[in-house]
Amino acid sequence: MSTWANLGLQDSASPLMEQLIFFHDHALLILVMITVLVGYLMFMLFFNNYINRFLLHGQLIEMIWTILPAIILLFIALPSLRLLYLLDEINEPSVTLKSIGHQWYWSYEYSDFNNIEFDSYMIPTNELSMDGFRLLDVDNRVILPMNSQIRILVTAADVIHSWTIPALGVKVDGTPGRLNQTNFFITRPGLFYGQCSEICGANHSFMPIVIESVPVNYF
């Protein structure tokens, strides 16, 4: 989970989140290179005393500053498209979890695993234990096996919600009357926290999600 003064992304707990972090760093490096180049050119303009009053056009430099940005955009677009297709790929899931967003809580169903159903509410501050996290802990956590392909089906019962776990690189909108799906693969055991990231009511960010990742033989 994110901690105080954490300005970067959370440590990844899935291969997809690792790829998202790599792409973020790749795009950021390109942005830094562009910023340095443009900043250097603008800085040097202040100290340039040469003037050519007969200059009407410069076809070569215009070709360069048209083609070069197009090439740079390709270096961003191609990894981005690859990542988009990776995020949508569903690889023979071991467990299917269904998540239904309600106005103040999530309800879950293990459809292919004994048809287990339960609701997950945020723990109020006055009932929170000493080792709990305020506005993040829930009474019933989602237990999922690590090193297994997990498919999640997300919908909503009232308004638009969003099932978001930053450490896993998962963000799926839950829309009434529509079933959205994605997959993830948890690489390590632990607790992973998330919140509904849609604005669909006062104080609505406090619809926490907690996933407890356990080894397969403990699931």
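Side chains included, hydrogens not; waters and symmetry mates left out as well; all remaining heavy atoms used.
Using a 4.5 Å heavy-atom cutoff, the side chains of W65 and E62 are in contact. Side-chain contact between F192 and S213: present, with at least one pair of heavy atoms (C-beta onward) separated by less than 4.5 Å. Between V210 and V142, every side-chain heavy-atom pair lies at or beyond the 4.5 Å cut-off. Counting heavy atoms from C-beta on, the side chains of D119 and Y121 come closer than 4.5 Å. Looking at P166 and L9, their side chains never come closer than 4.5 Å, going by heavy atoms from C-beta outward. Contact check for D88 versus L86: no side-chain heavy atoms found under the 4.5 Å cut-off. Within the 4.5 Å cutoff, the side chain of R151 has no heavy atoms near those of the L97 side chain. Inter-residue side-chain proximity for T155 and K98 is flagged as met; some heavy-atom pair is nearer than 4.5 Å.
L37 is not connected to L29 by any chain of hydrophobic side-chain contacts under 4.5 Å among Ile, Leu, Val, Met, Phe, Trp and Tyr, and they are in different clusters. Taken together through direct or relayed side-chain contacts under 4.5 Å among Ile, Leu, Val, Met, Phe, Trp and Tyr, F47 and L41 form part of one hydrophobic cluster. The hydrophobic cluster containing V38 also contains I67, counting ILVMFWY residues as joined when their side-chain heavy atoms lie under 4.5 angstrom apart, directly or transitively. Under a hydrophobic clustering in which Ile, Leu, Val, Met, Phe, Trp and Tyr are joined whenever their side-chain heavy atoms come within less than 4.5 Å, directly or via other members, L136 and L128 fall into different clusters. By the rule that hydrophobic residues join a cluster once side-chain heavy atoms approach within less than 4.5 Å of another member, F23 and L87 end up as members of one cluster.
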*Evaluate the side-chain contact (heavy atoms from CB on, under 4.5 Å) criterion for residues Y108 and I209: first the C-alpha distance (whole Å), next the side-chain angles of each, then the deciding distance (0.1 Å), finally the verdict.*
CA-CA 11 Å; Y108 298 97; I209 305 153; 3.5 Å; yes
*Please report the C-alpha distance between N183 and I152 in whole Å, then the side-chain angles of each, then the deciding distance to 0.1 Å, and finally whether the side-chain contact (heavy atoms from CB on, under 4.5 Å) criterion is met.*
CA-CA 6 Å; N183 75 304; I152 179 163; over 6 Å; no
*Going through the checks in order, is the side-chain contact (heavy atoms from CB on, under 4.5 Å) test met by V172 and V170?*
CA-CA 7 Å; V172 191; V170 178; 3.8 Å; yes
_S111 and T96: CA distance, side-chain angles, deciding distance, side-chain hydrogen bond (donor to acceptor under 3.5 Å, both in side chains) verdict_ = CA-CA 7 Å; S111 304; T96 298; over 6 Å; no
_Is there a side-chain contact (heavy atoms from CB on, under 4.5 Å) between T35 and M33? Walk through the geometry before answering._
CA-CA 5 Å; T35 305; M33 291 166 60; over 6 Å; no
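Looking only at atom types and distance, the side chain of D173 has no donor-acceptor partner in the side chain of T175 under 3.5 Å away. Using modelled atom types and a 3.5 Å distance limit, the side chains of T187 and S14 yield no donor-acceptor pair.
Ring planes of W163 and F184: parallel class, angle under 30° (limits at 30 and 60°).
Side chain of S148 to backbone of M146: a donor-acceptor contact under 3.5 angstrom is found. With hydrogens and angles ignored, the 3.5 Å screen pairs a side-chain donor or acceptor of N52 with a backbone N or O of F54. A donor-acceptor pair is defined here as one N or O able to donate and one able to accept, closer than 3.5 Å; no such pair exists between the side chain of N180 and the backbone of V154. For the pair H161 (side chain) and C196 (backbone), a donor-acceptor distance under 3.5 Å is absent.
Counting heavy atoms of neighbouring residues, nucleotides and ligands inside a 6.0 Å radius, atom CG of D11 does not exceed 12 of them. For F118, the CZ atom is densely surrounded, since the number of other residues' heavy atoms within 6.0 Å is greater than 12.
In this structure, CE in M42 is found 7.5 Å from CG in L45, a value given to the nearest 0.5 Å. How far CZ of R188 is from CG of N147: 12.0 Å, rounded to the nearest 0.5 Å. In this structure, NE2 in H26 is found 12.0 Å from CD in Q19, a value given to the nearest 0.5 Å. The CD atom of Q181 sits 6.0 Å away from the CG atom of L153 when rounded to the nearest 0.5 Å. Here the OG-CD distance, from S162 to Q195, works out to 11.5 Å after rounding to the nearest 0.5 Å. Between the CG atom in L78 and the CZ atom in R82 there is a gap of 11.0 Å [rounded to 0.5 Å].
What you find for D112 and S94 is that their closest heavy atoms are OD2-O, 4.3 Å. M207 and Q103 get closest at one heavy-atom pair: SD-O, 3.5 Å. Summarising the geometry of P79 relative to I76, their closest heavy-atom pair is CD-O, 3.5 Å, with the distance given to 0.1 Å. Nearest heavy atoms, I21 versus S12: CD1-CB, 4.0 Å. Residue I150 comes nearest to P93 through the heavy atom pair C-CB, 4.5 Å, listed as atom of the first residue, atom of the second, then distance.
When each of D137, I211, I165 is paired with Y193, the side chain to side chain contact (heavy atoms under 4.5 Å, CB included) condition holds for D137 and for no other.
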